Each structure stands twice: as C-alpha cells, then as structure tokens.
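Right, one structure below, let's go through it.
Below, chain A is the first sequence line, B the second, and so on; all start at residue 1. The structure displayed is predicted, hence computed values, not measured ones.
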Amino acid sequence: MLATTILELSHNDLARLDRQLEEKVAQAPAFFENIPLIIAVDKLPEAEGQIDLAALMQLCGKHGLRTLALRAGREEDIAAASALELPVLPPSGAREKLIELVEARQAAAEAVAPAEPEKPKEPERKPSKVINHPVRGGQQIYAADGDLVVLGPVSAGAELLADGNIHIYGPMRGRALAGVKGDTGAQIFCQQMGAEMLSIAGIYKVAEDLRRDPQWGRSVHVSLSGDVLNITRL
Amino acid sequence: MAKILVVTSGKGGVGKTTTSAAIGTGLALRGHKTVIVDFDVGLRNLDLIMGCERRVVYDFVNVINNEATLTQALIKDKRLENLYVLAASQTRDKDALTKEGVGKVIDELSQNFEYVICDSPAGIETGAHLAMYFADEAIVVTNPEVSSVRDSDRMLGLLASKSRRAEQGLEPIKERLLLTRYNPERVTKGEMLGVEDVEEILAINLLGVIPESQAVLKASNQGVPVILDEQSDAGQAYGDAVDRLLGKDVPHRFLDVQKKGLMQRLFGAR
C-alpha cells in the first residue's frame, strides 16, 4: 500500500500557498522530499474560482511534492486534470471533514493574523515597596524584583536591599544595597547621605570611603559605571 | 484597664531601674494607683532601689508558676498609698518567664491598677522581649553616648515589630525618649552627644532629660526613689517627665550649663 499525502486546498492564492508550503517543508525537509501527493480541490469554496492546475503542480514540484492525482468534483477541474493527463479521484466523504475544518481554521487564522501587528510583550513590573516608618538598627528590608522607597530615617545598623533602585527620603545612616541580583543599572537616591555602606550589584563603598566624599551628608545619586561607584550631587 | 508602660533601653547601666522607680513613684505621688514590675529575673535590683528588699517573700516567677497569688506577691510601698512593687526572682533565670504566664499576670494587674510599669532587663532576649511585649507605651532610656543610642535604636525597632500591638496590627506602641546622665558642660565641650543629636538620630518624642547627678547614686544606695529628693535636679527633672507623661506641657530644664553665681563660687556649693 502506498502512503500518499493529500493537499487539500481551502483557498486559491498561489503566492500564499507557496509561503505555507515553504513553512511546512522547512519543518521536515527529509519527509517532504519527493513525496507522492494528491491535490484535492473538491472542498475549495466556489468563491475562490477556477484554479490554475498547471501552476499549482509546478508550485508543488518546486517544494518537492510530486503530484499523483487530482481529487475534484467540479467539471472545470476535472477537465483541467484530463488536459494535463492527470488522474482524477472522486470527491471524498465525511472522513476528511475534520482535516478540512482544521485547514479552514488555520487559513482563517492566517487571514486575520497579518492584519494585526504583533503586540510587544508587556514588561513584567512589580510594585515598589514603600516604607513610611523609621527603619531601625538591626532591621532588614528587602524589595524583591523591584524598587524600595523609604520615607523615614534609616538608622545605623539597618539594611535596605532591593533588586531594583533604592530611594531614601529621610536621613540615611544604614546600609543600602541596590541591584542585589546583579542589575548594574540599579541606582540609589539619598536625601541625606551618611551611609554605613552603599552597594550596587555587589560593587560597594563603606563609610570610611564615603566620609571622605565631598557629597557626604548631602543629597546624592549613586550609580555604577563599569566597576566604579559614582556619587553625584542631586 | 491600666496603661502598660515599659522602661527599656537595650544597653545596661543607663538607668532603667532608677527611671522605673522614679516614674512609678511619681505617678503614685500624683494619685495614680501604680505597680512596678521587675522583669530582670536573676539580677533583681528594683526592690533595692525602692527600699523594699527586706520584705520580698514571693516574686514574679512564683506568681507565674501559681506558687503564690498576686496579692501575696505584691509589696506595698511604705511611703505611698498607691504604690506597689512586684519583685523578680533572684534564684531563677529569664527562661522562667513565659509569654502566657507574663500575659496572665499583666492582665490581672491591669484590672486593679492605673499604671503598670515594666522594668526591662538589659539586652534584647527573653526578659526584655516579654517586658515590652504587652506594653502600650515605652520609655526608652538612653545615655548621651553613641553605643547607648545605637542600642536604643535597635530596641525601638523591636518595639515596632515584635510587640503584641505590632503582631495584632493595633496602634503602635507610643515611644518616648528619656535622656539620662546628661551633662551640659561636657556637651558644650563636645565630649557628649547633645539632646538635638540624640533626638535627630532616634527621631522620637522627648519625654525628658535627667541631668547627671550625685543625688541618683545617693538615692539608689538609700533605697529611696530619686524623685522623692525634691531638692535635687535629677528629682525635679523626673518630676517634669512624669508631668509630661500625664499630658502636661512642661518646658525642659537643666539643658544648659548653669553659671555659678558669686555666692556659689565663694562657698563652693554645688
């Protein structure tokens, strides 16, 4: 018994068929090489009009599909097949209906898809963690996957951690570690910087170095360039 | 229901027990029925400072273990009608305190008193934790020096996160700062942190400033709460603090260097 493949047409747009076949063949080039094919046009909607059988066969040949026969019901199609000396098979029954439906749905989907440009993926965004009370020594606050905003003072011995940026609007005397998961673009903003330690993505400065900075005690913006922590006046 | 006040600090030796005794006595002096509870199990001192050490029969731990009733364990002050002391055990350690046991005693006390003063031990372990756990208000005793301020800060963090009020999501404990052993002379010389410095670091309401005073040591050794020594600056400062605790608006005193007058200089009086 010979296994054949049936190409059931749901439209009469050869350029589109070309694209579709190309995609299909690309999925399994070895499988489609010189494969025996039956072209079925019996379920082609009337509105699609008369197919150009010769061009269709040529197109199939281009993708390595060898046409064995035409399955058709309409007079014109049968005549066209006879002209090309192509055997004609009678229209199929209900068995292929399912395939037809799937094909039709795919065709419908393809007809719709290009009209709508693909939407860019919404970036995932976690809300910032906002702390509106003083952060005391010994307390540790971690904002996972986002920014940390502290409105109160941060005492010596307190630790602020965030995967994103850290903003401190009270006097800052504790430790702040931004981008703890390695985000080198993370930044720290302090209203009054008197920190024990500032760190971005693991690059840090301790109070000993920070104290010598002319911006000590002022409003600062801390960012990373390369492996140097930049402290600039806000 | 009584107001439960904890006197705490984190650091040792800053004057928690002196403050507990003074504030408790001050409240009783002003007509409020007050009990002072010593949470420093194993290192009890409150009874000494209150001058009732010779009358301790049953203690806090006995009550928790149902070995004595609260009525048996409460020691009535000899000087003041409204003042009671619940002493700590000297033979046990802090692990003798349980949350359930302490809760039960505090509940019972708050039925019968207007103020329950919990004298916290130093540190942040079981004793200190249970002393502040049930509190409505906290007096954070701090000396004007860096390590004491830092420990107080840590304690404030625990008050905000590890108390019953925090766990049940109630209104947070009202925190007040009491600065003790303050020496304006040394502040002007830059040897000691000033009131503003400490207030700025801790960012809480200032209840009072108690000046460094000879009267405190004398009072402790005599077993008389320093607030009863009305001649002394420390006694007066504690009096002001109690008034502020009761909602009065009293100006802060003893913050500036006292200029010695001619008479003082001549006679060398302090």
Side-chain angles (χ1 to χ4, degrees), chain A residues 127-144 148-162 166-177 189-198 206-213 215-220 234, chain B residues 6 8-11 14 120 122-126 128-129 132 135 138-163 165-177 179 193-206:
Chain A
S128 303
K129 194 170 193 167
V130 181
I131 308 292
N132 51 15
H133 55 78
V135 185
R136 303 286 182 185
Q139 292 184 322
Q140 191 184 53
I141 293 176
Y142 176 43
L148 177 60
V149 181
V150 180
L151 299 172
V154 179
S155 298
E159 208 166 70
L160 307 177
L161 302 128
I166 301 180
H167 307 251
I168 306 126
Y169 294 99
M172 167 62 186
R173 304 188 186 93
R175 295 158 173 255
L177 296 92
F189 305 87
C190 292
Q191 195 76 265
Q192 189 186 325
M193 194 273 286
E196 277 181 343
M197 186 175 86
L198 295 175
V206 291
E208 188 123 318
D209 309 315
L210 293 171
R211 264 173 203 283
R212 283 194 225 114
D213 198 287
Q215 306 304 335
W216 177 259
R218 299 195 172 158
S219 302
V220 299
L234 257 182
Chain B
V6 61
T8 187
S9 73
K11 194 173 183 297
V14 294
S120 170
I124 53 173
E125 287 78 27
T126 319
H129 178 234
M132 63 89 162
I139 297 175
V140 179
V141 182
T142 307
N143 285 173
E145 47 131 352
V146 182
S147 62
S148 175
V149 172
R150 178 171 287 203
D151 289 1
S152 295
D153 185 71
R154 178 91 170 91
M155 205 64 219
L156 285 165
L158 295 176
L159 285 169
S161 60
K162 292 274 158 62
S163 64
R165 281 176 171 266
E167 280 175 12
Q168 296 181 354
L170 302 171
E171 196 185 323
I173 294 178
K174 201 168 178 183
E175 301 153 338
R176 296 160 191 269
L177 172 66
L179 207 54
L193 292 174
V195 184
E196 295 81 16
D197 301 328
V198 181
E199 267 191 297
E200 201 210 318
I201 297 172
L202 294 180
I204 56 169
N205 208 330
L206 183 67

When the 4.5 angstrom heavy-atom criterion is applied to A/P134 and chain B, the contacting part is neither
Option that, when pairs with chain A are counted at under 4.5 Å, heavy atom only, ranks first among B/L202, B/L158, B/I204, B/I124
B/L202
Give the member of A/G170, A/S155, A/P171 that has the highest number of heavy-atom pairs under 4.5 Å with chain B.
A/S155
B/L156, B/T8, B/I139 screened by side-chain contact (heavy atoms from CB on, under 4.5 Å) with B/E175, the one that passes
B/L156
Look up atom CG in B/D151 and atom OG1 in B/T142, then write down how far apart they are to the nearest 0.5 Å.
9.0 Å
Only one of A/V150, A/I168, A/V149 forms a side-chain contact (heavy atoms from CB on, under 4.5 Å) with A/I131, so which one is it?
A/V150
To the nearest 0.5 Å, what is the distance between CD on A/E196 and CD on A/E159?
9.0 Å
Go through the atoms of B/R150 and report whether side chain, backbone, both or neither lie under 4.5 Å from a heavy atom of chain A.
side chain
